[in-house]
J.: 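Before I ask anything, here is the structure I am working with.
Hydrogens, waters and symmetry mates play no part in the numbers below; they use all other heavy atoms, side chains included. In listed order, ligands and their atoms are each counted from 1. Predicted, not measured: the structure shown is a model, and the values here were computed from it.
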Amino acid sequence: MCAAPGGKTCHVSCMMKNNGLLVACDKSRKKIEAAQKRFIEMGATCVVPLSLDATKIVNKDDKEWKGPREIIEGASGLRVKQFFPESFDRVLLDPPCSALGLRPKLSIQSSLNDLIKTSEYQKKFVNQAVLLLKVGGTMTYSTCTINATENECMVRWILDIYPNMKLVPIGLTIGTSGLSNVGLNSVERNMVRRFDPSDDDQDMMGFFVAKFIKTG
Ligand SMILES: C[S@@+](CC[C@H](N)C(=O)[O-])C[C@H]1O[C@@H](n2cnc3c(N)ncnc32)[C@H](O)[C@@H]1O
């Protein structure tokens with residue numbers, strides 16, 4: 001979800017060795033068209049690029065459940081209507097964020113209110129991602145911001161709102177634990193990974209990643 005310009009999608013397609021189906025959706029038609037060219041150049045043949053609003057991606061109305069492949073067969077250009085609940089084994093959610101981790105960044109125009117609004121918007125994507133996942137499936141949530149409201153606080157919100165979403169270790173030895181005093185206990189903080197551009201040892205842009213399993 002939120003796949004353009006497509007860097008993470010290309011990486012995942014390599015990890016999948018082009019086996020299976022990798023749906024890459026982004027609201028911006030222009031951006032997903034550019035990403036489609038990139039997928040072709042990279043030989044990412046398992047990727048199906050779609051122009052879709054991920055805040056409205058789940059079809060909760062139609063009674064007759066259809067799988068993703070059937071829905072994609074009925075696609076017109078880069079568009080499909082929606083997918084049904086519990087359609088996907090894995091969801092990588094990389095929603096629009098305040099991008100406070102991007103470098104070089106010479107000035108920041110966002111107000112505190114903008115940051116709060118961004119995290120509220122991200123919750124709409126999370127709600128849809130949880131619905132889309134099969135039970136037993138994994139959701140990876142990432143941002144390129146250092147803002148705790150969009151990172152550790154979002155993890156706390158997900159755990160509180162969705163008792164069926166279990167936080168699991170991300171399995172990376174690079175980066176650091178999540179911040180303290182923003183909602184996560186020490187065990188939870190160790191399961192997520194945070195990358196801070198002000199940390200010279202990491203020499204990375206700002207990034208945050210957390211992984212969940214849907215247990216029910
Ligand atoms: C952080 S970027 C994604 C970067 C991408 N995952 C990558 O690694 O190359 C966020 C993306 O979300 C897209 N976006 C914004 N609102 C959206 C929506 N409602 N539905 C789907 N995509 C959306 C933007 O067009 C933008 O490309």
J.: May I ask you to list the residues sharing a hydrophobic cluster with Ile32, side-chain cutoff 4.5 Å, ordered by chain and number?
T.: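 Leu78, all in the cluster of Ile32.
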J.: Do Asp89 and Lys134 meet the salt-bridge criterion of a basic N to acidic O distance under 4.0 Å?
T.: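 Looking at Asp89 together with Lys134, the answer is yes, because their closest N to O distance falls below 4.0 Å.
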J.: If we ignore angles and hydrogens, is there a donor and acceptor under 3.5 Å between the side chains of Asp114 and Ser98?
T.: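 Result is no, nothing qualifies.
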J.: For ligand 1, list all ligand N or O to protein N or O distances below 3.5 Å, rounded to 0.1 Å.
T.:
residue, atom, partner, partner atom, Å
ligand 1, 6 (N), Cys2, O, 3.0
ligand 1, 6 (N), Asp94, OD2, 2.6
ligand 1, 8 (O), Lys8, N, 3.4
ligand 1, 8 (O), Lys8, NZ, 2.9
ligand 1, 9 (O), Pro5, N, 3.4
ligand 1, 9 (O), Gly6, N, 2.9
ligand 1, 9 (O), Gly7, N, 3.1
ligand 1, 19 (N), Asp53, OD1, 2.8
ligand 1, 19 (N), Tyr121, OH, 3.2
ligand 1, 20 (N), Ala54, N, 2.8
ligand 1, 22 (N), Lys27, N, 3.1
ligand 1, 25 (O), Asp26, OD1, 2.7
ligand 1, 25 (O), Lys31, NZ, 3.0
ligand 1, 27 (O), Ala4, O, 3.0
ligand 1, 27 (O), Asp26, OD2, 2.8
ligand 1, 27 (O), Lys31, NZ, 3.3

J.: Start with the C-alpha gap between Leu159 and Glu188, add the side-chain angles, then the distance that decides, and say whether side chain to side chain contact (heavy atoms under 4.5 Å, CB included) holds.
T.: CA-CA 10 Å; Leu159 295 174; Glu188 291 161 344; 3.8 Å; yes
J.: Do you see a donor-acceptor pair shorter than 3.5 Å between the side chains of Asn113 and Ser111?
T.: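 Judged by distance alone, the side chains do not pair up.
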J.: Under a 4.0 Å threshold between the charged nitrogen and the carboxylate oxygen, would Lys30 count as salt-bridged to Glu33?
T.: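 Here Glu33 does not pair with Lys30 in a salt bridge, since their nearest N and O are not under 4.0 Å apart.
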